[in-house]
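Contents: one structure, followed by commentary.
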Amino acid sequence: MSTEGSGETPSTVPSLPGAPEQTYLFPKAKGHSRSISHGGTPMLAGNPAVARPLKSALRGHQRALSHGQIVEGPRAASGPGHSRTGSRTDFILPPGHREPTPASAQPRLGSVRAHHSRQASRSDSIYTIRRSSVVGPWRRAFFWLLRRQQPAVDNRLLIVTPNHLVPDKTPPKDHPNGHRCDNKIRTTKYTLLSFLPKNLFEQFHRIANVYFIFIVLLNWVPAISAFGKEVAMLPVLFVLGVTAIKDLFEDRRRHLSDKRINNSFCRVYKKSVERYVRVKWRDVRVGDIIHLSNNEAVPADMVLLHSSNPIGICYLDTCNLDGETNLKQRIVAPGFKDKHAEFNPLKFRSTVEVERPSTKIYRFTGTISHPDGARVPLNSEHLLLRECTIKNTDYVEGIVVYAGHETKAMLNNGGPRYKCSSLEKKMNTDIIWCVLVLLFLCCAGAVGCKVWLDQYYTPDMPMYKFVPFVPYDAKPAYEGLLIFWTYIIALQVMIPVSLYVTIEMTKLLQVYHIHQDVEMYDPATNTRTECRALNITEELGQINYLFSDKTGTLTENKMVFRRCTVGGVDYDHPPGPPAEPSSTLPPIVTPITKVSPNRRMLQHLLDSNDTQHTQKVREFLLILAVCNTVAVSQPHVDTMQMSGSHSGDQYPDKPSRSNGTLRSNDKYARLTESRSTTPSPPPSTTSPLRIRLPKLPFVCRDDNNSEPSTSTEQQLARYEAESPDELALAEAALAYGYELRARTPDEVEVGIRGELTRLKVLRVQQFDANRKCMSVAMRMPNGQVVLYVKGADSTVLGALAPLRAGSAEAAAAERTRALLGEYSRAGLRTLVMAARTLPPALWDDWLAAHARASEPGEGRERRMRESLARLESALRLVGATGVEDRLQHAVPRTVRALLDAGLALWVLTGDKPETAVNIAYSAALFSQADRLLYLMSRDKEHAESTIKSYLETSSGAGGGGGSGGGRALVVDGRTLTYILDRRSGLVTPFLSLARRCSAVLCCRATPLQKAYIVKAVKEELNVTTLAIGDGANDVSMIQTADVGVGLSGQEGRQAVMASDFALSRFKFLERLLLVHGHWCYDRLARMILYFFLKNATFVFLIFWYQLYCGFSAMVMIDQIHLMSYNLMFTAFPPLVIGAYDRAAPASLLTERPGLYAAARRGLAYRRHSYWLVLAESVYISVVIFFTAASAYWDTHVDVWQFGTCAMTCCLVIMLVYVAIETRSWTVIHLLALSGSLIAFFVLTLIYQSVCVSCFNLPSTYYVMQHAIADPIYWLVVILTTVTALAPRLAYHAIRNSVRPGTLRRAVLARRRHVRSRLPYAAHYRTDPAQAHVYRSTDEDGLHKPPSEVAAIT
């Protein structure tokens, strides 16, 4: 499917092959607008007809962000569209994908427009976060059953009429846009009326809740009822109520967010007053013309009609939409650029035809129909999307075409992610065993009932003899069947219905404590650790393999210009004082840069003796300044008047400032606050460079109100770049006086050593992963065309013109190659600069040939690549740069701690092997004693032989790495291509080799390869994986791993939006895994086992009583106690175990990273753990029941007093069990345990003192009062507690004495170390006869610094 492009050149809109056009039929999208990156399912592309979900994505959470979906099969060749830098944006495109008409085939405006719309040219399937199905399978089945025709997809275009052409107070049914929805959004799940039924409907999707509803209904059958009907409903009502309250609070947060957004303000043109007025976002309608100023958020999807920029462009920050911090360019609708001066909203009388709302963010087709019959095509470059922010533009005006839930941002909303951890999978398996145990007990009870009744039943006479207490005369088999269902009700506690609620509350508390951990707070960015997936905290403690990006994850991604070479001459730039502006230069720019200029390079720059080298240095600095996508952000003034025209002076005399944006002092002054109150996205951290500009000429002050000029009055202009590399190069040029002042699609304004120069831009070819270079064609003042090229050495050096052997140029080229190797070994990122001079006729010939190559047809991609290769050939080498990407703070210590914890650490990067290996040594991933194994093959056979050779060597060496070190594996991207090919059969031997290495480094890896590596390791080795990254190229890897961690770094928030946990620094990963991961897993595992123990013990206690009541399903425990056992008396101890218990102090876990192995290996919850707990529960129940039965044997105690004694014993034992298993005592532990016991006695005494007969239950009036007055009651409680828990105490004593685990040994060693040393320092004074005592250790047993002790003592 295609659509018409802008201007005279049509462009092809990509679509999924073989799929019909899919539109959205106006459902009310739910979910929060900031969760746009969630939802969807990654699909394996290949044959579209048999597309299937990715296996790894089906396990756990299924989602696919708008970037980097994983495909299988050959990757479609990337066209000339852009990428980020290098291979870091090698996004995965579906088979058969066709790029839109490239910038090269369009006028110059289109070619330069690509500067800030890197992703716009990509397949919309990549950016469709949630695709709408035409007609779902369930609906198709429903209509087939009813023999009705399925509803057809409505592909008709929607016509938008400007609202100022429609009379005011027109009824909605008569309004041309009346059928369209308004701009009010509602991301809440419920309304006041729908909350109760909808929430209950959602909760009944849980099998456990349905099961207990079935139990409640079963209890209403008179023949099989076991409890009071009202009391039996208490557990289910409690669980449903707690969950409903939690959902209510979550929905209230969404409601408050919706209210804040809906009540934001923008300016809408009103015909009645013929000016723009301030209205709320919720009052915006389709057809309204909106006026937005710089830094304002776009309230609805609107077609751009007018921009303050004379060439009709504006810039958008899409960080809120897709997480990218770079700016995107949008252009006004075709034909409106010529009307820039006289544009007036009142004169706009055209209609806009648009496609129906869809989820495709970067696809849009439409047409503007003018009154004279002319039709102008529209595409995505003319559309401003909701939630984007206007940047670098004074003001824009446009007409709303989609509002509210029809906007693309709202259609792509998704809810929070939910994954199922491996611990929960084990728990679900054990719950199934609980069901089987329950069925076994029920069957045993039913059979026992039949056998008991058979003793008194005569088949000849259908009646019971000599059994006056049997009130029925049915056959024993029938009675046994009824008793089976009665046992289902009586023993329902075996299925832990409250376990799910307890787990949810426990994980919320765990997430809260992770979020509030001050040790993982970054004061520099004012960010905390963010938990975006709320239900996999325990998975952090079971990570086996960790996959990390390098740039921006291990490193700062804040590039610093360190070295360069020009003509073979090396210029070093060590850290030093920044460049100072020269007082002799005109005040064009005052540089604020971190680059300290090299004195020798300054001399060569100004030296007139070596003319040739001086020209090379100047040309090199000019390439640094102009061959990039850096934009200069300057102060913006909104000069649009309320009437929407430029009547009077265009630039008024008194500008006013509001919220940091300059505005004219005109009729807008009536608006006290005209900007939207929606908070703008945070400023981009990728472009911190600011340059000081003098006061702009149109920002003048009235002489009568002039004030003394201060330095703060100077407005700050800021450099904004797509990557930190380009920003570092612009900084370097600025340090030498080559100042980028302004950039337009047609020219670049540069200040060269104080002189302002304007250079004509003919064409900009963006950096992409295939060419690995960027080129800019410029027309010089002498009329010649000069092509400047900047790119990777592997590309640029191979495109140089042949050099004569022995010439100075050849020597300079060889010296440059040597210096590039030296830069790489020093860990610097390298780029090579080259140039080519073309006569105007040759340039025109190439441009015409390239336009022909860009025509649609078979082989278009190949023709375009060949055309660009012809242009970027025969180059003249100018120089090269080395940029330092410094490691983040504490990265070596963190990497070493993770390796010591037993994690297999893989670093996946797109950098050169030399640079990556150097960073690996710096980051402590490799040690000097490690032997590096290189896998860098050019064909499959060589890769296979190399892997086999390494495996044989390692087997011969006994699996060790030799004396004094281990092995480390280095593999490049081309070899990964052969390895990851399923037909090669190299995945298994490769992973076998990788497991024998201490660390693995993958260089030149594409995003697709990163994701496939994670997928292969996860599925082939059946291990838990974690992936961490910071950029869009890491999204696929993050989504494929079991746990995804995103860093809020320098490349936007795509990784954060796709992740489960968000960190601000890599060093926080150590505490997240080794401390919180260990705690969360250990706490939750022990809490689940405790839940099984207390429930099974209670059930067996009831079952043993059936031996004495003829298996009649009679229960000796008060029914109020039965229902309150899980809901009240034992509700808080599991929460305390799951949220506050600590197996070891945080300081010990960080000092001894190897202790993480206890959680990583899952020692707290194994496959046999459930059966051990079940056996222990049988033992405890036997002790309780038969001890109490023996004590009360042949006494006058009734069944309720006996049951109260057994209930008390069970509760006390369960609480003391928690006390034995508690590792670290806090006030919360004491309150939970003592409070549970006190609540039992107090509530029981009150209930049995007040209720003689309540809720139609058997009377237990004054039972507890009589029980506690009997000494036998207390003796039984004490004896059963000691007897039941003696084996556990003995087990702990023997294990800690004979064979304690690694974790236990470390904790005991810490305690002995603390006790062996005097923890107090005493200082006595004889004069006042007093002593000062000071403790020299902290709460974890760590010794305080000697200086602190000395200062006190």
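- The side-chain contact (heavy atoms from CB on, under 4.5 Å) check on Leu508 picks up Lys246, Leu534, with sequence neighbours excluded.
- Note that the CD atom of Glu539 and the OG1 atom of Thr1025 stand 9.0 Å from one another [nearest 0.5 Å].
- Distance CZ/Arg1083 to CD1/Ile1088: 14.0 Å, rounded to 0.5 Å.
- Counting all heavy atoms, side chain and backbone alike, Ile514 lies closest to Cys1080 at CD1-SG, 4.3 Å.
- When every heavy atom of Gln1248 is checked against every heavy atom of Val1263, the shortest pair comes out as OE1-N, 3.4 Å.
- Summarising the geometry of Leu540 relative to Tyr1156, their closest heavy-atom pair is O-OH, 2.6 Å, with the distance given to 0.1 Å.
- The two atoms that bring Pro476 and Leu453 nearest to each other are CB-CB, 3.9 Å, heavy atoms only.
- Other residues, nucleotides and ligands place more than 12 heavy atoms under 6.0 Å from the CZ atom of Phe1241.
- One distance of note links OG1 of Thr1097 with CD1 of Ile1213; it measures 8.5 Å at 0.5 Å rounding.
- Judged as a salt bridge (Lys or Arg N to Asp or Glu O under 4.0 Å), and not counting sequence neighbours, the contacts of Arg1086 are Asp1082, Asp1141.
- Going from atom OH of Tyr1170 over to atom CE of Met427 covers 12.5 Å, rounded to the nearest 0.5 Å.
- Around CE of Met1114, the count of heavy atoms belonging to other residues, nucleotides or ligands within 6.0 Å exceeds 12.
- Taking both residues in full, the closest heavy atoms of Cys1251 and Tyr1261 are given as O-CD1, 3.8 Å, listed atom of the first, atom of the second, then distance.
- Every residue two or more places apart in sequence or in another chain that forms a side-chain contact (heavy atoms from CB on, under 4.5 Å) with Leu237 is listed here: Met233.
- Lys1094 forms a cation-pi arrangement with Phe1091, by the criterion of a distance under 6.0 Å to the ring centre and an angle within 45° of the ring axis.
- For Arg1288, the salt bridge (Lys or Arg N to Asp or Glu O under 4.0 Å) criterion is met by Glu1176, Glu1221, not counting sequence neighbours.
- Annotation: side chain to side chain donor-acceptor pair (under 3.5 Å) contacts of Trp485 (sequence neighbours excluded): none.
- Remark: Tyr1081 pairs with no residue by the ring pair (Phe, Tyr, Trp, His ring centres under 6.0 Å) rule, at least two apart or across chains.
- The two residues Ile1184 and Ala1206 have their closest heavy-atom pair at CG2-O, 3.8 Å.
- Side-chain polar atoms of Thr1260 and Asp1118 form a donor-acceptor pair below 3.5 angstrom.
- Within 6.0 Å of the CZ atom in Phe1186, the count of heavy atoms belonging to other residues, nucleotides or ligands exceeds 12.
- Atom CZ of Arg1305 has more than 12 neighbouring heavy atoms from other residues, nucleotides or ligands inside a 6.0 Å radius.
- Listed by chain and residue number, Trp433 satisfy the ring pair (Phe, Tyr, Trp, His ring centres under 6.0 Å) test with Trp1171 (two or more places apart in sequence, or in another chain).
- The side-chain contact (heavy atoms from CB on, under 4.5 Å) test applied to Ala477 returns Lys450, not counting sequence neighbours.
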N/O donor to acceptor pairs below 3.5 angstrom from side-chain atoms of residues 1197-1205, sequence neighbours left out:
from, atom 1, to, atom 2, distance (Å)
Asp1198, OD1, Gln1201, N, 2.9
Thr1204, OG1, Trp1200, O, 2.8

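- A donor-acceptor contact closer than 3.5 angstrom is absent between the side chains of Thr1024 and Gln542.
- Note on ring orientation: taking the six-membered ring where Trp is involved, the planes of Phe1185 and Tyr1105 are perpendicular (angle over 60°, cut-offs 30° and 60°).
- Of the inter-residue distances, the one linking Thr1302 atom OG1 with Arg1304 atom CZ reads 13.0 Å to the nearest 0.5 angstrom.
- Distance check: Gln510 CD to Thr537 OG1 gives 4.0 Å after rounding to the nearest 0.5 Å.
- No donor-acceptor pair under 3.5 Å is formed between the side chain of Lys1018 and the backbone N or O of Asp1042.
- Scored by the side chain to side chain donor-acceptor pair (under 3.5 Å) test, Thr1195 finds no partners at all (sequence neighbours excluded).
- Considering Asn1095, Asn1126, Val493 as possible partners of Ser498, the one that fulfils the side-chain contact (heavy atoms from CB on, under 4.5 Å) test is Asn1126.
- Pairs passing the ring pair (Phe, Tyr, Trp, His ring centres under 6.0 Å) check and including a residue from residues 1119-1141, sequence neighbours excluded, read His513-Tyr1140, Phe1098-Tyr1125, His1121-Phe1240, Phe1129-Phe1240.
- Every residue meeting the side-chain contact (heavy atoms from CB on, under 4.5 Å) condition with Ala1096, not counting sequence neighbours, appears here in chain and number order: Met494, Phe1100, Leu1174, Ser1177.
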